[in-house]
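Please read the structure below before turning to the comments.
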Amino acid sequence: MVEAAIVVALADPTVPGEDQVEIKGSHDSPEKENLLNPGATKFPEVIETTHLTYYERYRAYQDYILGDSKPSEVKNFIAEYLEKVLEPYGWQALWSNDMFEVLVKVTDVETSSHKAVVKLSEPFLYESEAYPLDAEAMESFLEAKKHLVPLQELYVVSDESGEFDQTALAIEHLRFFFLHIWRSWDEDDEDDFDYFVRCCEPRLKLYVLCQDGFGFPAKQAKGPRPSGENVIHVVSNSVTVTLLQSLLREKLNPDCVTQEHVLEFHSDPLLAVNACFEGDVVVICPGHYYVNGYFSIADSIQVEGYGLPDDIVLEKEGKGDAFVACTANCLKISNLKFIQHGATEGILCVRKGQAVLENCVFQCDTTGVVLRTSAKLHMKNCDLYGAKGAGLEIYPSSTCELFGNDIHHCKEGIRIKNFMEELYDVPKITMMNNLIHNHEDYGITLAKFAIHIPKKKIPFAITAQTGDTEQKENPHNNVNENNSELNSDFCEMQNVPPLLIECSSSKCEQAVALNPSDAAECDEVITSELISTSATKREQSRSRLNEMLDAGVIDDIMSQEMFLSIVSNHFKKNGKGSFGIVYS
């Protein structure tokens, strides 16, 4: 076998331009080593397509295969994609499955069923340890199958002309999708959401994560500078005398810095951040900076703009990753505007540690700010918009404090991931004086894993204190406590005020109906999630619940306080309402 790989760039506009395939011997593929006895049968070389990057797969599914399809439309969208890019006949392939491998020739393609019509190639090449078949027996087997085999089981044989490279790539996308993305219950799910955003993107992220080839390389904190000095890094396209005088007067005066601080000047904000040690400060002067790369910050530093955010713009060049990744114990970013294009990751991701964001503007692309498990985020007076997914994504066991932010014009405002309750606590969230508006879906979405079980209705009661609703003309009006009880037959989720609420555990979830096609049943599920955690209402809620659930479930519900405080937030013009719960 030839050890070197031949890289073939695909130029056809119907497939992603960045996609590449490699021509390798079939024995070079680790997925086939268990099926072949090396050296026994000399199969021809196949086009190797398994080493595509996350971004290449992401772009293919988003832009060329799935688009904005609903769950029930996915298979038709895939069939249309295959119709455009597959060569209908004339190519050889290695038909490989758990039983055998055999060389075949494709005579036709049925894209609607994702199958190909094949016949045995000459000479007859076959390999199997458990099912020894000769050409005649294999021919009988094919006749029984009407010569139809799944496209997913075909590996295209390489050709010097490169004529079938796009066919091989399309089959790889099909194979990967049904192996790692598609779930058997997806077609039965509710059909009013974008399948790529809701299911494909998060599952794709989970798979590369598992392959340890996704995201950012781990960056170790440098710690304090060996000399013991703290440095102030000044970033400017050009340093004038006027600018320097202003900095000395307003930022570098004795009230702000000490004589021990050292000044360093940079023209590139990325280089300035990479030069930081623990305790350093980066001051970015007004200007529009194009950043080729991403900020990976592991040390506790401060990055601030000198002026208004709209005057200090950091714009991401290139595609495929997040803009800012934080793993520092405490990172503070203020007075900056971030712009991201063509991304597959969030504009800022707090992977661990804590990030403090104040007076920043985030012009997002795919996802906005992501708060990972056990990390902390304090976000104040920020403007966030433009995400094709969630403006803010909150993972379990995290702590999130939101004060006076404007989160708007995204697919959904805030997505709270509440899953794996056995391993993680619910996130702890504080929300005060935020404006969440003009999202395509819900203002706040609680995402949970669905449990398909027999239906059993449980009428719940909700108690609430104060808050604003989307229907109030005056956003400053509060709900009167005397009229705060909401019964379980309410129909619109947006009528529930954003109050001290919390989510039920998996035990309670198993006791309620989870049929998304039944609106009334869904309302009861949603209602069960919104149990007040106010200390003054706890006993009142407990007395009502006692009539319906056993004590163990009640204690489990009451112990999970997701919203520590949620006061005076305003929800307006969100397509599906203020709150929603989705099951995936």
Side-chain angles (χ1 to χ4, degrees), residues 303-305 308-310 312-314 322-324 326 330-340 346-350 354-372 375-395 398-417 427-446 466-470 475-476 494 497-501 562-575 577-580:
V303 184
E304 60 180 278
L308 298 175
D310 285 334
I312 310 143
V313 179
L314 306 181
F323 202 171
V324 182
C326 171
C330 185
L331 166 69
K332 183 175 181 181
I333 301 177
S334 59
N335 302 327
L336 294 173
K337 181 175 182 178
F338 297 88
I339 300 178
Q340 187 182 34
I347 197 167
L348 185 146
C349 180
V350 188
Q354 179 178 3
V356 178
L357 310 177
E358 293 186 357
N359 302 312
C360 289
V361 177
F362 297 96
Q363 182 177 315
C364 309
D365 188 71
T366 301
T367 304
V369 174
V370 179
L371 180 60
R372 292 289 188 184
K376 297 181 179 180
L377 172 67
H378 178 96
M379 187 170 167
K380 183 178 180 181
N381 297 335
C382 292
D383 185 11
L384 188 153
Y385 58 92
K388 294 184 179 72
L392 175 60
E393 200 169 82
I394 302 174
Y395 278 71
S398 61
T399 302
C400 185
E401 299 174 345
L402 305 174
F403 299 95
N405 301 288
D406 189 0
I407 302 175
H408 58 101
H409 292 92
C410 302
K411 176 72 173 178
E412 54 191 357
I414 300 173
R415 172 169 280 246
I416 303 168
K417 306 230 179 216
K428 308 298 184 183
I429 303 172
T430 300
M431 293 182 62
M432 296 182 65
N433 300 315
N434 299 283
L435 180 59
I436 302 175
H437 63 100
N438 289 96
H439 298 292
E440 186 175 339
D441 290 345
Y442 295 105
I444 296 180
T445 301
L446 181 65
T466 60
D468 305 305
T469 65
E470 190 165 304
H476 299 291
Q494 60 264 38
L499 309 173
L500 295 169
I501 62 176
M562 180 180 293
F563 285 92
L564 303 182
S565 177
I566 178 164
V567 179
S568 299
N569 301 280
H570 308 307
F571 295 78
K572 299 179 180 179
K573 299 182 180 178
N574 297 300
S578 300
F579 290 91

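All values reported here derive from a predicted model rather than from experimental measurement.
- Looking at Val369, Val361, Leu314 one by one, the single match for side chain to side chain contact (heavy atoms under 4.5 Å, CB included) with Phe338 turns out to be Leu314.
- Scanning both residues, Ile394 and Cys400, for their nearest heavy atoms gives CD1-SG, 3.8 Å.
- Counting only heavy atoms from C-beta outward, the side chains of Ile429 and Ile566 never approach each other to under 4.5 Å.
- Looking only at side-chain heavy atoms (C-beta outward), Ile339 and Phe323 stay at 4.5 Å or farther from each other.
- A distance of 8.5 Å separates SG of Cys360 from CG of Leu348, quoted to the nearest 0.5 Å.
- Closest approach of Gly443 and Phe571 over heavy atoms only: CA-CD2, 4.4 Å.
- Applying the side-chain hydrogen bond (donor to acceptor under 3.5 Å, both in side chains) criterion to Thr445, with sequence neighbours excluded, gives Glu412.
- Taking the salt bridge (Lys or Arg N to Asp or Glu O under 4.0 Å) definition, one finds that Lys388 meets it with Asp365, sequence neighbours left out.
- One finds the CD1 atom of Ile444 at 12.5 Å from the CZ atom of Arg415 (value rounded to the nearest 0.5 Å).
- In terms of heavy-atom proximity, Ala387 sits nearest to Ala390 at CB-O, 3.6 Å.
- Annotation: the span from Ile416 atom CD1 to Ile414 atom CD1 amounts to 6.5 Å, rounded to 0.5 Å.
- Every residue two or more places apart in sequence or in another chain that forms a salt bridge (Lys or Arg N to Asp or Glu O under 4.0 Å) with Glu304 is listed here: Lys251.
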Indicate every side-chain donor-acceptor pair of residues 376-386 with a distance under 3.5 Å to a residue at least two apart or in another chain.
from	atom 1	to	atom 2	distance (Å)
His378	ND1	Glu401	OE1	2.9
Asp383	OD1	His408	NE2	2.7
Tyr385	OH	Gln363	OE1	3.2

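- Among all heavy-atom pairs drawn from Asp310 and Val313, the shortest one is O-CG2, 3.6 Å.
- Nearest heavy atom pair, residue Gly368 against residue Cys364, reads CA-SG, 3.5 Å.
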Would you mind writing out the side-chain donor-acceptor pairs for residues 431-438 within the sub-3.5 Å range, not counting sequence neighbours?
from	atom 1	to	atom 2	distance (Å)
Asn434	OD1	Gly404	N	3.4
Asn434	OD1	Asn405	N	2.9
Asn434	OD1	Asn405	ND2	3.1
Asn434	ND2	Leu402	O	3.0
Asn434	ND2	Met432	O	3.2
Asn434	ND2	Asn569	OD1	2.9
His437	NE2	Asp406	OD1	2.8

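- Within the model, atoms OG of Ser398 and NZ of Lys428 stand 10.0 Å from one another, a figure rounded to the nearest 0.5 Å.
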Side chain to side chain contact (heavy atoms under 4.5 Å, CB included) between His439 and Ile407, worked out: CA-CA 9 Å; His439 298 292; Ile407 302 175; 3.9 Å; yes
